[in-house]
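Structure first, then comments.
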Amino acid sequence: MIHPDGARLAAMTAVNNLALTNYGHFTTMRVQDGAVRGLGLHLDRLVTDCATVFGAELSARYVRERIRAAIADADGPLTVRVTVADPGLRLTHPAAPTDPHVLVTTRAATPQGQPPMRVRSTTYARDVPSVKHTGLFGPLFERRRAQLDGYDDALFTDGGGRVAEGPTWNVGFVDGDTVVWPLADVLPGVTMRLLAAAHDGPQRTEPVELSRLAGMAAAFATNAAGAIRPIAAVDGVTFATGHPIIGLLRRRYAEIAPEAV
């Protein structure tokens with residue numbers, strides 16, 4: 001079971017151990033006025049991932065209490081990260097009985113409406129992509145490589161040239177009047193799931209090869225911190241960053257009622 005004491009020392013011990021083992025999971029959400037779009041999905045993710053990563057039962061109610069305590073003195077929107085890690089996990093025996101702890105951290109929220117970005121495709125697959133785990137070295141290394149070469153970020157593809165996801169975001173495309181989500185082994189992001197449910201226009205999920213991108217009208221990235229960000233180019237293929245469907249998706253996202261923490 002997740003420790004109920006909420007002791008900061010225990011949580012920090014878990015973080016120290018996380019730095020040594022890189023074994024844990026998390027979710028990140030944007031909190032404004034004490035509410036979160038897709039809060040239930042974030043909590044469900046934490047519960048499911050805790051069972052997968054630690055074989056432990058996580059209390060969603062306890063997580064909400066910890067978030068409330070962390071945002072009690074908030075002045076403006078925050079990015080809140082809930083990390084679950086075990087301070088006693090050993091490299092030599094990760095299958096030992098676990099005792100994971102919860103740490104909630106906050107920072108000022110990234111302004112939404114970020115400018116369009118240029119990304120470079122690279123062949124890369126995250127470990128256990130269905131889990132939002134703390135193994136970020138590979139994704140951040142690819143982001144760094146792309147930025148050093150003059151791009152804003154990386155876009156992951158599989159060995160067959162099929163588009164998957166970004167380091168910390170999902171990707172969508174516009175084909176004519178249809179939103180297309182790549183069919184791939186990716187983390188099912190909360191923002192992507194909210195948009196797919198809220199969008200009332202045509203959409204489909206299917207494999208998207210890099211060779212098809214020149215025929216797409218627009219591309220965009222989604223995550224909880226930045227909502228929807230247009231993609232100006234993938235490699236040498238450019239897109240219309242002001243496409244009407246991107247504007248429509250932003251409106252639909254804004255209409256989703258946030259859930260009170």
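Heads up: numbering here begins at 1 and tracks the sequence.
- Looking at Thr79, its side chain never comes within 3.5 Å of a backbone N or O of Ala225 through a donor-acceptor pair.
- Under the 4.5 Å side-chain criterion, counting only non-hydrogen atoms from C-beta, Val80 is not in contact with Thr28.
- Tyr151 places no side-chain N or O within 3.5 Å of a backbone atom of Met117 that could act as its donor or acceptor partner.
- To the nearest 0.5 Å, the span separating CG on Asn22 from CG on Leu89 amounts to 11.0 Å.
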Please determine whether side-chain hydrogen bond (donor to acceptor under 3.5 Å, both in side chains) holds for the pair Asn223 and Thr191, giving the CA-CA distance in whole Å, both sets of side-chain angles, and the decisive distance to 0.1 Å.
CA-CA 5 Å; Asn223 66 11; Thr191 303; 5.8 Å; no
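- One distance of note links CD of Glu142 with CZ of Arg144; it measures 12.0 Å at 0.5 Å rounding.
- Salt bridge Asp149/Arg120: present, at least one basic N to carboxylate O contact under 4.0 Å.
- The side-chain heavy atoms of Thr83 and Leu18, taken from C-beta on, include a pair separated by under 4.5 Å.
- Between Thr222 and Trp169 the shortest side-chain heavy-atom distance does not fall below 4.5 Å.
- The closest side-chain donor-acceptor pair between Asp86 and Thr98, if any, does not fall under 3.5 angstrom.
- Taking every heavy atom of both residues into account, Arg145 and Thr122 meet most closely at NH1-OG1, 4.0 Å.
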Output, in order, the C-alpha distance, side-chain angles, deciding distance and verdict of side-chain hydrogen bond (donor to acceptor under 3.5 Å, both in side chains) for Thr105 and Arg107.
CA-CA 7 Å; Thr105 53; Arg107 66 179 188 273; over 6 Å; no
Candidate pair Arg30 and Gln32, rule side-chain contact (heavy atoms from CB on, under 4.5 Å), full reasoning:
CA-CA 7 Å; Arg30 180 185 175 93; Gln32 186 164 0; 3.8 Å; yes
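- Sorted by first then second residue, the ring pair (Phe, Tyr, Trp, His ring centres under 6.0 Å) pairs that include residues 110-130, not counting sequence neighbours, are Tyr124-Phe156.
- Here the shortest heavy-atom pairing between Gln114 and Arg250 reads O-NH2, 4.4 Å.
- The nearest pair of heavy atoms linking Gln112 to Ala224 is NE2-O, 4.3 Å.
- Ion pair Arg204/Asp175 flagged as a salt bridge, since at least one NZ, NE, NH1 or NH2 atom sits closer than 4.0 Å to an Asp/Glu carboxylate oxygen.
- At least one side-chain heavy atom of Val102 sits under 4.5 Å from a side-chain heavy atom of Val104.
- Once rounded to the nearest 0.5 Å, the distance linking CE of Met29 with OG1 of Thr106 reads 12.0 Å.
- Under the ring-ring contact (aromatic ring centres under 6.0 Å, His included) criterion, Phe26 pairs with no residue, sequence neighbours left out.
- At a threshold of 4.5 Å between side-chain heavy atoms, the hydrophobic network of Ile, Leu, Val, Met, Phe, Trp and Tyr places Val63 and Val190 in two separate groups.
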Test Thr168 against Arg143 for side-chain hydrogen bond (donor to acceptor under 3.5 Å, both in side chains), laying out the working first.
CA-CA 10 Å; Thr168 55; Arg143 172 176 284 170; 2.7 Å; yes
Stepwise side-chain contact (heavy atoms from CB on, under 4.5 Å) check, Val171 with Ile231:
CA-CA 9 Å; Val171 63; Ile231 294 176; 3.8 Å; yes
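- Leu210 is listed as a side-chain neighbour of Thr157, based on a closest heavy-atom distance under 4.5 Å.
- Across Asp200, Leu194, Ile228, a single residue satisfies side-chain contact (heavy atoms from CB on, under 4.5 Å) together with Arg252, and that is Asp200.
- Considering only residues two or more places apart in sequence or on other chains, Arg90 meets the salt bridge (charged side-chain N to carboxylate O under 4.0 Å, His left out) condition with none of them.
- For Gly176 against Val174, the heavy-atom pair with the smallest separation is O-CG1, 3.4 Å.
- The minimum heavy-atom distance linking Pro100 with Ala56 is given by the pair CG-CB, 3.9 Å.
- Note that OG of Ser121 is 6.5 Å distant from CG of Leu155, once rounded to the nearest 0.5 Å.
- Here the closest heavy-atom approach between residue Cys50 and residue His25 is recorded as CA-NE2, 3.2 Å.
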Can you give me every donor-acceptor pair (side chain of residues 160-167, partner residue at least two apart or in another chain, under 3.5 Å) with its distance?
from   : atom 1 : to     : atom 2 : distance (Å)
Arg162 : NE     : Asp158 : OD2    : 3.0
Arg162 : NH2    : Asp158 : OD2    : 3.3
Glu165 : OE1    : Leu187 : N      : 3.2
Glu165 : OE2    : Arg126 : NE     : 2.9

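- If you chain together hydrophobic residues whose side chains sit under 4.5 Å apart, Leu58 and Val261 fall into the same group.
- One hydrophobic cluster holds both Val82 and Val31 under the rule that ILVMFWY side chains link at heavy-atom gaps under 4.5 Å.
- The backbone N or O of Ala197 lies less than 3.5 Å from no partner atom in the side chain of His199, so there is not a single donor-acceptor pair.
- Here CZ of Arg64 is found 10.5 Å from OG of Ser59. Values are rounded to the nearest 0.5 Å.
- The side-chain heavy atoms of Pro87 and His101, taken from C-beta on, include a pair separated by under 4.5 Å.
- Note on Ile246 and Val179: same hydrophobic cluster, where clusters join Ile, Leu, Val, Met, Phe, Trp and Tyr whose side-chain heavy atoms are under 4.5 Å apart, directly or indirectly.
- Separating the CD atom in Gln147 from the CZ atom in Arg118 is a distance of 12.0 Å, to the nearest 0.5 Å.
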Using salt bridge (charged side-chain N to carboxylate O under 4.0 Å, His left out), reason through Glu206 and Arg212 one step at a time and then give a plain yes or no.
CA-CA 12 Å; Glu206 63 188 20; Arg212 287 185 56 196; 3.1 Å; yes
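- Listed for the His93 side chain is no donor-acceptor partner under 3.5 Å among the backbone atoms of Ala95.
- When side chains are defined from C-beta on, Leu91 does not count as touching Leu20, because their heavy atoms never get closer than 4.5 Å.
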Show me, pair by pair, the donor-acceptor contacts under 3.5 angstrom made by side chains of residues 36-48, not counting sequence neighbours?
from  : atom 1 : to     : atom 2 : distance (Å)
Arg37 : NE     : Tyr253 : O      : 3.0
Arg37 : NE     : Ile256 : O      : 3.1
Arg37 : NH2    : Ala254 : O      : 3.1
His42 : ND1    : Thr27  : OG1    : 2.8
Arg45 : NH1    : Thr27  : OG1    : 2.9
Arg45 : NH2    : Pro188 : O      : 3.4
Thr48 : OG1    : Asp44  : O      : 3.0

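- For residues 202-250, the ring pair (Phe, Tyr, Trp, His ring centres under 6.0 Å) pairs, not counting sequence neighbours, are Trp181-Phe220.
- Tyr62 is connected to Phe54 through a chain of hydrophobic side-chain contacts under 4.5 Å among Ile, Leu, Val, Met, Phe, Trp and Tyr, so both are in one cluster.
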